[in-house]
Amino acid sequence: MPKTQPSDASVATATATVGLTVIVPAYNEEDRLAPTLTAIRAHLETLDAEWELIVVDDGSTDGTVALTEAARAEEPRIRLLSTPANRGKGHAVRTGVLASRGRRVLVTDADLATPIEELDLLTRRMDEGATAAVGSRALPGSRIAVRQHALREVMGRMGARLIRAAAVPGIHDTQCGFKLFDGDKVRTAFARSRLDGWGYDVEILRFFHQADWEVAEVPVRWAHQPGSKVRPFAYPTVLAELVRLRWGAPRPARLAVPALYLFCAFVLYAGLWGGPGHSYLADSGQDQQQWEWFFAVTADNVAHLHNPLFSDLQNYPLGVNLMANTAMLGLSVPLAPLTLALGAHVTWAVVLTGGLAATAFSWYWLIARRFVRSRWAAALGGAFCGFAPPMISHGNAHPNFVVLFMMPLIIDRMLRLCEGLARGRRATRDAVVLGLFLAYQIFLGEEALLLALTGLVLFAFGYALASPDTARALAPRLLRGLGIAALVAVPLVLFPVAWQFYGPQSYRSVLHGQVGNNPMALLEFATRSLAGDAKIAASLSVNRTEENAFFGWPLLVVAVAIVVRLRDQPRVRALGFTALAAAVLSLGQNIPLLGTDRTLPGPWRLVAKMPFFESVLESRTAMVCVPALGILLALACDRLAVRRLRSERESSRRLLGWAALAVALLPLVPTPYRVTERAPVPAFIADGTWREHVRPGRSLVPVPVPAPSDTAALGWQIEADMGFAFPGGYFNGPWGPDRTGIYGPVPRPTSDLLRTVRESGKVPAVDNRQRRLFENDLAFWRADALVLADQDNVTALRETVTALTGSRPQRVGGVWVWDVQGAR
């Protein structure tokens with residue numbers, strides 16, 4: 001009769017009654033089980049311990065059960081457990097382990113490929129303090145008497161590397177069927193296991209690894225036995241089980257939090273998704289058009305195998321250094337197929353929506369893993385980190401400050417590096433992965449990475465003040481690990497970064513002036529917050545894409561209360577210091593004294609002229625406060641969620657705490673982004689008529705010449721499948737002998753003249769000197785045609801260009817066209 005498995009609860013509390021249990025899973029093993037049982041019994045008789053031998057029949061169809069029953073008749077310490085159908089080796093071993101009573105449990109294969117005498121080697125390592133000792137064929141000292149087929153060996157080695165990388169670091173051979181475990185611990189592990197197939201070894205060893213129970217790998221004798229049940233198809237099966245083990249099967253509870261984040265992001269961008277081809281974020285200025293161009297030009301470079309770091313489609317013929325601009329090659333390159341298939345406007349919507357959701361989920365994962373016990377407390381913290389007012393502000397136009405999902409991964413890897421150093425583990429693997437993460441983030445956003453590293457330095461300094469002994473112990477070895485990470489990252493980014501700073505159209509730093517936060521910006525509410533006032537926010541910020549603080553005074557009061565209440569924790573004091581220091585730095589070089597026209601020197605002066613920092617908008621440093629505040633909120637929520645009530649007074653305090661969190665956070669709930677209808681592309685461009693007027697290698701000149709304030713031509717170019725180049729545009733490039741970074745092209749006489757006409761509506765007197773300058777500019781731009789679309793002051797622009805060219809334009813496809821191919 002089949003035996004039933006004990007419940008998890010009974011397993012967890014079971015008391016071992018024998019010294020050793022040997023478990024032999026068996027499936028159609030009548031040809032070799034008898035000598036195996038004889039050999040095991042003979043060796044066990046030599047031991048000075050009580051033992052039991054459990055054979056688990058996994059639905060055999062031969063004489064395995066009868067053979068075992070015969071052995072039981074001779075030796076009552078042999079037990080037989082049977083399952084009515086074949087369920088897999090993992091299920092069989094689990095059945096035996098959960099029914100075992102030994103203080104130690106040995107699992108061995110029915111073929112005894114590893115002789116039972118090797119048990120002494122495993123026992124010795126257990127006596128030295130290990131909680132498990134596993135036989136290994138991959139260590140120096142292992143003795144292989146009969147080898148497998150060469151293909152099996154290769155597949156086994158490849159599988160072992162994948163397993164070691166994904167699930168069980170440090171174990172070179174997880175599949176050798178000879179393992180000795182601490183009985184109570186292995187019963188606990190199998191009670192929580194779920195894999196029934198060949199991958200069960202990995203699952204159990206991973207459980208021991210995560211529980212920080214020492215697993216010793218011991219070199220043993222091993223000989224391949226004919227009749228192995230492992231077939232070639234078993235290898236992909238094990239890999240599939242490894243994927244299931246590493247990431248787990250989707251569960252509704254697990255999907256709830258990311259689904260909620262994604263739903264919120266879709267609600268915010270509902271207007272954009274309502275018509276991706278014609279909807280335009282109202283508060284994005286010209287940035288949406290610029291970003292769509294970045295996605296489109298990168299996809300075009302990928303499709304035609306061009307250099308992804310450069311393009312001459314804007315600012316023709318000088319071009320644009322894409323690495324020196326916010327092209328986000330880490331996303332625009334892998335998303336190139338999406339852009340080519342559905343268009344840059346869809347990629348724009350995907351990046352913004354997915355960026356907010358992914359950033360929130362990444363912070364949720366880190367907070368749940370490192371800071372709190374309550375998943376919903378972590379969800380609150382992740383939601384704040386992903387949807388805080390500065391994030392929502394940049395969500396109008398700056399995906400490089402929205403797609404921040406790598407930051408929690410970088411922080412987690414640094415924490416793992418510290419933990420590994422603290423336990424004496426080799427930190428090389430974590431350092432290498434950290435280096436890869438840092439390199440990838442450089443291709444997502446360098447300024448965001450710089451701010452994140454600034455925040456980490458502030459946190460490290462604050463933690464050193466809060467717990468100097470810990471900091472002093474970790475610092476030397478942590479720096480060594482960071483050095484390894486740098487050795488990995490630098491070669492990967494060396495050429496692109498060198499291109500950024502020394503390649504064509506590179507520049508040194510960007511002129512943006514002093515843009516510090518007004519102190520009141522920390523206390524007020526943002527435009528897109530539920531309690532926000534657009535006029536107040538506008539008076540305290542550069543524009544709606546740069547509302548970099550606006551946390552609201554209730555949240556700041558609650559944050560101070562959290563730090564005071566949980567001040568016994570060094571991490572809380574360090575987080576509080578980080579938020580405060582970042583907020584003060586964000587005030588810039590000159591901090592205004594409220595109610596006066598005086599200012600105080602700000603600490604930003606200390607870094608304002610340092611490399612890289614000189615190009616940072618100092619107000620953006622307030623974004624460092626976001627994760628610090630999010631983690632503090634999660635800690636407070638966790639304290640309220642898991643704390644037991646001891647009195648009515650304690651209950652009142654808990655209610656007060658929930659009320660305070662609600663008062664602090666509800667005013668910050670974001671509201672959906674406004675959208676407007678984008679201007680249609682002229683038929684001259686959309687239907688391809690432009691090809692009749694512009695030759696390959698020549699340019700089309702929009703009137704006025706494109707600039708950061710007028711980017712319609714970028715949309716024209718996207719609509720034309722990047723078929724023509726034009727001068728000017730919206731990008732960062734060099735200006736002057738010092739190669740100072742400016743927004744847009746270096747001004748030329750004709751571009752300045754046409755811009756003035758557009759702004760004033762007045763037609764200037766055109767003389768021969770201006771015509772010569774115009775002809776020089778046309779020659780420089782290699783222009784074939786000038787194109788004027790309907791716009792403000794279109795008549796003045798048409799008359800000016802007519803005077804400059806000396807010819808009347810044609811009306812073609814809804815635009816005015818001057819063919820100037822023969823003008824030079």
In Å and rounded to the nearest 0.5 Å, what is the [atom1] to [atom2] distance from [X] to [Y]?
X: L633; Y: C637; atom1: CG; atom2: SG; value: 8.5 Å
X: L415; Y: D430; atom1: CG; atom2: CG; value: 10.5 Å
X: L492; Y: L436; atom1: CG; atom2: CG; value: 6.5 Å
X: L600; Y: L593; atom1: CG; atom2: CG; value: 4.0 Å
X: D469; Y: L474; atom1: CG; atom2: CG; value: 11.0 Å
X: N590; Y: E618; atom1: CG; atom2: CD; value: 9.5 Å

Check each of W273, W348, Y269 against T353 using the side-chain hydrogen bond (donor to acceptor under 3.5 Å, both in side chains) test, and report the only one that passes. W273

Side chains of [X] and [Y]: donor-acceptor distance under 3.5 Å anywhere?
X: N396; Y: S284; answer: no
X: T711; Y: Q289; answer: no
X: S509; Y: S615; answer: no
X: S279; Y: E677; answer: no

Residues in side-chain hydrogen bond (donor to acceptor under 3.5 Å, both in side chains) contact with [X], at least two apart in sequence or another chain:
X: T454; value: none
X: S619; value: N548
X: E292; value: Q288, R678

Non-hydrogen side-chain atoms of [X] and [Y] separated by less than 4.5 Å:
X: I442; Y: L438; answer: no
X: L482; Y: M414; answer: yes
X: E547; Y: V542; answer: no
X: L335; Y: M328; answer: no
X: N518; Y: L594; answer: yes
X: T545; Y: D283; answer: no
X: L331; Y: F443; answer: no
X: P592; Y: P519; answer: yes

Please confirm whether the backbone N or O of [Y] pairs with a side-chain atom of [X], one donor and one acceptor, at under 3.5 Å?
X: S393; Y: R544; answer: yes
X: Q290; Y: Y730; answer: yes
X: R654; Y: L640; answer: yes
X: T578; Y: A574; answer: yes
X: Y280; Y: V675; answer: no
X: S539; Y: I536; answer: yes
X: S332; Y: A327; answer: yes

Which residues pass the salt bridge (charged side-chain N to carboxylate O under 4.0 Å, His left out) test with [X], not counting sequence neighbours?
X: D568; value: none
X: R571; value: none
X: R573; value: none
X: R605; value: none

I'd like to check the side chain to side chain contact (heavy atoms under 4.5 Å, CB included) partners of [X]; sequence neighbours left out, ordered by chain and number.
X: A485; result: L434
X: W365; result: R369, L409, D412
X: V563; result: V572, L632
X: A473; result: none

Take R413 and R429 through the side-chain contact (heavy atoms from CB on, under 4.5 Å) test and state the conclusion after the steps. CA-CA 10 Å; R413 195 57 55 167; R429 178 174 178 271; 4.2 Å; yes

I need the full list of ring-ring contact (aromatic ring centres under 6.0 Å, His included) pairs touching residues 530-584, with sequence neighbours left out, sorted by first then second residue. F461-F577

Any idea which heavy atoms bring [X] and [Y] closest together, and the distance?
X: P667; Y: S529; value: O-CB, 3.5 Å
X: I631; Y: L575; value: CG2-CD1, 3.5 Å
X: L281; Y: Y673; value: CD2-CB, 3.9 Å
X: M323; Y: P496; value: CG-O, 3.2 Å
X: V402; Y: T359; value: O-OG1, 2.7 Å
X: M407; Y: A452; value: SD-CB, 3.7 Å

Please report the C-alpha distance between E546 and R620 in whole Å, then the side-chain angles of each, then the deciding distance to 0.1 Å, and finally whether the salt bridge (charged side-chain N to carboxylate O under 4.0 Å, His left out) criterion is met. CA-CA 8 Å; E546 295 292 348; R620 291 177 178 174; 2.4 Å; yes

For F387 and L668: C-alpha separation, side-chain torsions, deciding distance, then whether side-chain contact (heavy atoms from CB on, under 4.5 Å) applies. CA-CA 9 Å; F387 298 93; L668 303 181; over 6 Å; no

So, applying salt bridge (charged side-chain N to carboxylate O under 4.0 Å, His left out) with D638, which one of R375, R373, R370 is it? R373

E446/Q441 under side chain to side chain donor-acceptor pair (under 3.5 Å): CA gap, chis, key distance, verdict: CA-CA 7 Å; E446 293 167 290; Q441 177 57 42; over 6 Å; no

side-chain contact (heavy atoms from CB on, under 4.5 Å) between W604 and F613, intermediate numbers included: CA-CA 9 Å; W604 186 262; F613 283 94; 3.9 Å; yes

Between Y261 and Y364, how do the two ring planes meet: parallel, tilted or perpendicular, split at 30° and 60°? perpendicular

Which class fits the ring pair F294 and W291: parallel under 30°, tilted 30 to 60°, perpendicular over 60°? perpendicular

